[in-house]
Trainee: 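Before anything else, here's the structure in question.
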Amino acid sequence: MFRTTTCGALRGSDNGRKVTLAGWVDSARDHSGVFFVNLRDRYGKVQTVFYSTMADSSAFELVKTLRNEDVVQIIGTVRLRPEGLVNPNMPTGEIEVEAEKLVVLNRSEVVPFIPSAPEVPSEEMRLKYRFLDLRRPEMQRILVLRHKMTKVMRDFFDEQDFVEVETPVLGKSTPEGARDYLVPSRVSQGSFYALPQSPQLYKQLLMIAGYDRYMQIARCFRDEDLRADRQPEFTQLDIEMSFIEMEDIIAMMSSLVQRLMKDVLGRELTLPIPRMTYDEAMERFGHDAPDLRFGMELKDVTDVAKETEFKVFRATADDGGRVRGINVKNAADQFSRKDIDGLTAWCADQFGAKGLVWFKVDADGKLTGSSAKFLAETDLERIAAKLEAEPNDLLLFSCGDFLLTCRVLNGLRRRLASQLKLYDPSEMNFCWIVKFPMFDWSEEENRWVAMHHPFTAPLVEDLEFLESDPGRVRAQAYDLVLNGFEAGGGTIRIHDAETQNRVFALLGMTREEAKGQFGFLLDALQFGAPPHGGIAFGLDRLVMLFAGVDNIRDCIAFPKTAKASDLMTGAPSPVAEKQLAELAVKVDLPPNGKNA
RNA sequence: GGAGACGUAGCUCAAUUGGUUAGAGUCCCGGACUGUCGAUCCGGUGGUUGCGGGUUCGAUUCCCGUCGUCUUCGCCA
């Protein structure tokens, strides 16, 4: 037997047990007559001790040659540590293993970095030597947490009669949505598969096929630029149900989240999860995924702006724009003029804000600041009242069209809350956002585009405006928000061909175009499609939030860099001419082609 | 596609307004030590300052380009 126990398992009660351990050398300490080796595996660490007086003297010579990350097997006896030498910082600190035999299973070269070192190496090093990085306890904690979460998900849905079905990875490219990853076909030269952005259409077809409760932990691909919380290859918990309404999905998923909180983090979550409409979220927080762990809500003062002579305010209001602001409570003394200029420049750079109007509240509750002199006393008082200004508050205002003020104030709100530590980072704050708009007007394409996807069902009460006032139509859509991140989202689908065709028409798609792209779905809708809907959670992001880390790469075993490359394997890479020839693919780099 | 930050020893970092031989910790090598646990102590090896160009008497430092990593805007139905 290679090992009779793991490195993290031994306790005082194992005193006297003869054990065989196997693992990596975490540290080796030479005290001449006594030699300590801390042995590590994914279950923990245990101290082993070698004495110069041990029976097998060759083992004592051998142990002196051990270096970090050598893989060894140690046979010995568990001993309670002598009095005063117990290490309370180690779970196995009550005991040590007195070695009798040492087998070197494999020597390690000198490692580029030591997994147990206190300083974390640069991310570049970690990604290049990911196998070493994954030896770090923090990475093991996250990957095990991820496993627990997917296990809870599978158990939960299994108990509710869901069926896990795998859908294809090689699929058909569709023009809507994100850029596709393409895979050339050898058998049909000149034709391409697309990797799925999500299993959306397949899961709807499964509903039509009668699998009324479907789940999948599905890999999805989107060839778009990356972010701290976005990878080109990511995982969704994908759900679809038949004969249900939005309330059923929300209840089901709320219950899952409650279970995850309980089983994974040991924390209670009281249901129901609060709800907010999209309009309310945009009005109060400037974003459709508001972070509700802190206040600093957006307040509108456009009506004051309309009546004032202060040009910045007045012009905005007269142009049909909005003047909105936030109150940074009790922070005026923490922001110098220079700091505020810094915030203004940041807003200009990040969101295209023309400027910020700011006031500080003095000890008498009066607004002061460079813009105060342009405003009448009564206007200042009205503004102060609307923002519930108190002495030493800092008020920041953004002027412009509604969406600009949303972007600017949401950005400021998040940045300042983080900077001023206005929330408990360990809080898990869930919220459902409902009643999203169906369509967005695209200036670029000069047409309406679907905000979710073109199979989303409109709210029944808004159906009548579908042609007359598309901007007014709201969708049967719902997002779960956790700590200001969109954790997941879903919709009730259109299940009749007539409504589907009306939506396609509004999106500027002819019947022929729709048929060409989604013909199989339109066909299927005519063969007995049940009412259905579903949702998908971003698993990597959910793990990130449950693990309390701020980076999705730490939640994926082998992630990609911001340029979508894998520093360990070197993917993507050029391929042999022969491979390209088989696929009838020609590489045509631009003259300044940056490709290697 | 745009913006910003960073790139110095194997690793983590320092280096004053641009100024002598680019330092420290760790790792590694050698030595000491019978109770350490981020061991300690003594000694030693280790550098094309990412790469290319420019300014300068002199560049880790300033400028331009380029590559890489990160953050972010656009983008992500």
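Every chain is numbered from 1, with letters handed out A, B, ... down the list of sequences. Hydrogens, waters and symmetry mates are skipped; everything else that's a heavy atom, side chains included, is used.
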Trainee: Please measure how far the C1' atom in B/rG50 lies from the corresponding atom in B/rU60, and state the result in whole Å.
Mentor: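 Taking atom C1' in both B/rG50 and B/rU60, they lie 12 Å apart.
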
Trainee: Rounded to the nearest 0.5 Å, what separates atom CD1 in A/I217 from atom CG in A/L237?
Mentor: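 If I round to the nearest 0.5 Å, the distance is 6.0 Å.
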
Trainee: Please tell me which of the listed nucleotides, B/rC37, B/rC70, B/rU12, lies nearest to the side chain of A/E119?
Mentor: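 Among the listed nucleotides, the one closest to the side chain of A/E119 is B/rU12.
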
Trainee: Hey, are A/R447 and A/S442 close enough side-chain-wise for a donor-acceptor pair under 3.5 Å?
Mentor: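 Absent: no donor and acceptor within the cut-off.
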
Trainee: Using atom C1' in both nucleotides, what's the gap between B/rU56 and B/rC63 to the nearest angstrom?
Mentor: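 12 Å, rounded to whole Å.
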
Trainee: Using atom P in both nucleotides, what's the gap between B/rC11 and B/rC28 to the nearest angstrom?
Mentor: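 After rounding to an integer number of Å, I get 15 Å for this pair.
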
Trainee: Check whether any side-chain N or O of A/T561 sits under 4.0 Å from OP1 or OP2 of B/rU69, and answer yes or no.
Mentor: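 Yes, because at least one side-chain N or O of A/T561 sits under 4.0 Å from OP1 or OP2 of B/rU69.
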
Trainee: If I take atom CZ in residue A/F36 and atom C1' in nucleotide B/rC33, what distance separates them, rounded to the nearest angstrom?
Mentor: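 Value for this atom pair: 12 Å.
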
Trainee: So which nucleotide from B/rU34, B/rC37, B/rC28 ends up closest to the side chain of A/N87?
Mentor: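 The nucleotide sitting nearest to the side chain is B/rC37.
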
Trainee: Quick one: look up who B/rC62 pairs with, Watson-Crick or G-U, both distances under 3.5 Å, and put none if it's unpaired.
Mentor: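 Per the H-bond distance test, B/rG54.
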
Trainee: Rounding to an integer number of angstrom, what distance separates B/rA9 and B/rA24 when you compare their P atoms?
Mentor: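 To the nearest whole Å, 15 Å.
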
Trainee: Over how many whole Å does the gap from A/R126 atom CZ to B/rU12 atom P extend?
Mentor: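 About 11 Å, once rounded to whole Å.
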
Trainee: With distance as the sole criterion, do the side chain of A/R230 and the base of B/rC75 form a donor-acceptor contact below 3.5 Å?
Mentor: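 Donor-acceptor pair under 3.5 Å: yes.
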
Trainee: Are A/F518 and A/F455 an aromatic pair, judged by ring center distance below 6.0 Å?
Mentor: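 When the ring centroids of A/F455 and A/F518 are compared, they turn out to be within the sub-6.0 Å range.
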
Trainee: OP1 or OP2 of B/rU12 less than 4.0 angstrom from a side-chain nitrogen or oxygen of A/S122, does that happen here?
Mentor: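 It does, given that an N or O in the side chain of A/S122 lies less than 4.0 Å from OP1 or OP2 of B/rU12.
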
Trainee: Hey, which of these two, A/R541 or A/N38, hits RNA chain B nearer its 5' end, going by closest nucleotide?
Mentor: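 The residue closer to the strand's 5' end, by nearest nucleotide, is A/N38.
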
Trainee: Write down the distance between CE (A/M125) and P (B/rC27), rounded to a whole number of angstrom.
Mentor: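 Rounded to the whole Å, the gap is 16 Å.
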
Trainee: NA contact type, A/P118, heavy-atom cut-off 4.0 Å: base, sugar-phosphate, or nothing?
Mentor: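 The answer is base, as A/P118 lies within the cut-off (heavy atoms under 4.0 Å) of a base atom.
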
Trainee: If you measure from the P atom in B/rG68 to the same atom in B/rC51, how many Å do you get, rounded?
Mentor: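 One P to the other, the span is 15 Å.
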
Trainee: Rounded to whole Å, how long is the line connecting atom CZ of A/F35 with atom P of B/rU40?
Mentor: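 Nearest whole value for this atom pair: 15 Å.
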
Trainee: Closest to the A/V110 side chain: B/rU72, B/rC28, B/rC37?
Mentor: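 Nearest to the side-chain atoms of A/V110, counting from C-beta on, is B/rC28.
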
Trainee: Measure distances between side-chain N and O atoms of A/R227 and base N and O atoms of B/rG74, and say whether any donor-acceptor pair falls under 3.5 Å.
Mentor: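 Such a pair is found, so the answer is yes.
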
Trainee: Rounded to whole angstrom units, what separation is found between the CD atom of A/Q231 and the C1' atom of B/rC75?
Mentor: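 In whole Å, B/rC75 C1' lies 16 Å from A/Q231 CD.
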
Trainee: Identify whether any heavy atom of A/Q47 sits under 4.0 Å from a base atom; if not, whether one sits that close to sugar-phosphate; answer base, sugar-phosphate or nothing.
Mentor: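 Base contact.
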
Trainee: Expressed as a whole number of angstroms, how long is the span from A/Y129:OH to B/rU12:P?
Mentor: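 My rounded result for the distance is 11 Å.
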
Trainee: Give one of base, sugar-phosphate or nothing for A/R415, where a contact means two heavy atoms less than 4.0 Å apart.
Mentor: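 Answer is nothing: A/R415 stays at 4.0 Å or more from every strand.
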
Trainee: Looking at B/rA32, which nucleotide sits across from it as a Watson-Crick or G-U wobble partner, both distances under 3.5 angstrom, or is there none?
Mentor: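 WC or wobble partner is B/rU40.
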
Trainee: Could you check whether A/L567 gets within reach of a base, just the sugar-phosphate, or nothing at all, counting any heavy atom under 4.0 Å?
Mentor: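 The residue A/L567 makes sugar-phosphate contact but no base contact.
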
Trainee: Give A/E96 one of three labels, base, sugar-phosphate or nothing, depending on what nucleic acid heavy atoms sit under 4.0 Å from its own.
Mentor: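 Base contact.
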
Trainee: Nearest to the side chain of A/E124, heavy atoms from C-beta on, is which of B/rG10, B/rC33, B/rG68?
Mentor: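 Of the candidates, B/rG68 comes closest.
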
Trainee: Under the criteria of a ring-centre distance below 5.5 Å and an interplanar angle below 30°, is A/F113 stacked with the base of B/rC11?
Mentor: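 Whether judged by distance or by angle, A/F113 falls short somewhere, so it does not stack on the base of B/rC11.
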
Trainee: Relative to the 5' end of RNA chain B, which residue comes earlier, A/R407 or A/M90, by the nucleotide with the nearest heavy atom?
Mentor: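 Of the two residues, A/M90 wins.
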
Trainee: If only side-chain N and O atoms of A/S565 are considered, is one of them under 4.0 Å from the OP1 or OP2 phosphate oxygen of B/rG68?
Mentor: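 So the side-chain polar atoms of A/S565 never come under 4.0 Å of the phosphate oxygens OP1 or OP2 of B/rG68.
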
Trainee: Just name whichever nucleotide pairs with B/rG46, Watson-Crick or G-U, keeping both distances under 3.5 Å, else none.
Mentor: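 For B/rG46, the partner nucleotide comes out as none, under the 3.5 Å rule.
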
Trainee: Just verifying a value: how many Å separate A/L567 CG and A/K563 NZ, rounded to the nearest 0.5 Å?
Mentor: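 Here the rounded value is 11.5 Å.
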
Trainee: Check every strand shown and say whether A/T48 touches a base, only sugar-phosphate, or nothing at a heavy-atom separation below 4.0 Å.
Mentor: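 The answer is nothing, as A/T48 stays clear of every strand by at least 4.0 Å.
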
Trainee: When you get a sec, tell me which of B/rC37, B/rC29, B/rC73 is the closest nucleotide to the side chain of A/R67?
Mentor: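 Comparing B/rC37, B/rC29, B/rC73 against the side chain of A/R67, the answer is B/rC29.
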
Trainee: Calculate the interatomic distance between A/F351 atom CZ and B/rG4 atom C1'; express it in whole Å.
Mentor: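 A/F351 atom CZ is separated from B/rG4 atom C1' by 14 Å.
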
Trainee: Remember a base hit wins even if backbone is also touched, and classify A/R179 as base, sugar-phosphate or nothing at under 4.0 Å, heavy atoms.
Mentor: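 Touches nothing.
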
Trainee: So, A/Q517 and A/E513: side-chain donor and acceptor under 3.5 Å apart, yes or no?
Mentor: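 Per modelled atom types, A/Q517 and A/E513 side chains form no pair under 3.5 Å.
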
Trainee: How about A/E96 and A/T48: does a side-chain donor come under 3.5 Å of a side-chain acceptor?
Mentor: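 There is no such pair (donor and acceptor under 3.5 Å, judged by atom type) between the side chains of A/E96 and A/T48.
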
Trainee: Given the C1' atoms of B/rG46 and B/rG25, what is the spacing between them in whole Å?
Mentor: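 Result for the C1' pair: 15 Å, nearest Å.
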
Trainee: Just checking A/D223: base, sugar-phosphate only, or nothing, at a heavy-atom cut-off of under 4.0 Å?
Mentor: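 Touches nothing.
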
Trainee: Which listed nucleotide (B/rC28, B/rU72, B/rA39) is nearest to the side chain of A/H31?
Mentor: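 Looking only at side-chain atoms, A/H31 lies closest to B/rA39.
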
Trainee: Could you tell me if the ring centre of A/Y278 sits under 6.0 Å from that of A/F436?
Mentor: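 Yes, they do, as the ring centres are separated by less than 6.0 Å.
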
Trainee: Between P on B/rU69 and CZ on A/R553, what's the gap in Å once rounded to a whole number?
Mentor: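 Result: 11 Å.
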
Trainee: Which nucleotide in the set B/rC37, B/rC70, B/rC33 lies at the smallest distance from any side-chain heavy atom of A/A562?
Mentor: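 Of the candidates, B/rC70 comes closest.
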
Trainee: Could you tell me whether A/K45 contacts a base, only the sugar-phosphate backbone, or nothing, with contacts defined as non-hydrogen atoms closer than 4.0 Å?
Mentor: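 The answer is nothing, as A/K45 stays clear of every strand by at least 4.0 Å.
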
Trainee: How long is the straight-line distance from CG of A/L542 back to CE of A/M544, given to the nearest 0.5 Å?
Mentor: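 Reported to 0.5 Å precision, the distance equals 9.5 Å.
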
Trainee: Identify whether the distance between the nearest side-chain nitrogen and carboxylate oxygen of A/R141 and A/E138 falls below 4.0 Å.
Mentor: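 The answer is yes: the pair qualifies as a salt bridge.
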
Trainee: Identify the nucleotide, in any strand shown, that forms a Watson-Crick or G-U wobble pair with B/rA3, with both distances under 3.5 Å; if there is none, say none.
Mentor: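 Result: B/rU71.
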
Trainee: The side chain of A/Q350 lies closest to which of these nucleotides: B/rC73, B/rC70, B/rC11?
Mentor: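 The nucleotide sitting nearest to the side chain is B/rC73.
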
Trainee: Looking across every strand, which nucleic acid part, if any, lies under 4.0 Å from A/D225 by heavy atom: base, sugar-phosphate, or nothing?
Mentor: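 Answer is base: heavy atoms of A/D225 come under 4.0 Å of a base.
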
Trainee: Strictly by Watson-Crick or wobble contacts shorter than 3.5 Å, is anything paired with B/rA24, and which nucleotide is it?
Mentor: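 The base-pairing partner of B/rA24, which may sit in any strand shown, is B/rU12.
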
Trainee: Taking the side chain of A/I114 as heavy atoms from C-beta outward, which of B/rU71, B/rC76, B/rC27 is closest to it?
Mentor: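 My answer, after comparing the listed nucleotides, is B/rC27.
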
Trainee: Output the single nucleotide from B/rC28, B/rU34, B/rC33 whose closest atom is nearest the side chain of A/N68.
Mentor: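 The nucleotide sitting nearest to the side chain is B/rC28.
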
Trainee: Taking the same atom, P, in B/rU26 and in B/rU40, what whole-Å distance lies between them?
Mentor: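 Between the two P atoms, the distance is 7 Å.
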
Trainee: Can you see whether A/D180 engages A/Q197 through a side-chain donor-acceptor pair at a distance of less than 3.5 angstrom?
Mentor: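 The criterion, which ignores hydrogens and geometry beyond distance, is satisfied for A/Q197 and A/D180.
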
Trainee: Using the P atom on both, measure B/rU16 against B/rU72 and round to a whole Å.
Mentor: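 After rounding to an integer number of Å, I get 31 Å for this pair.
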
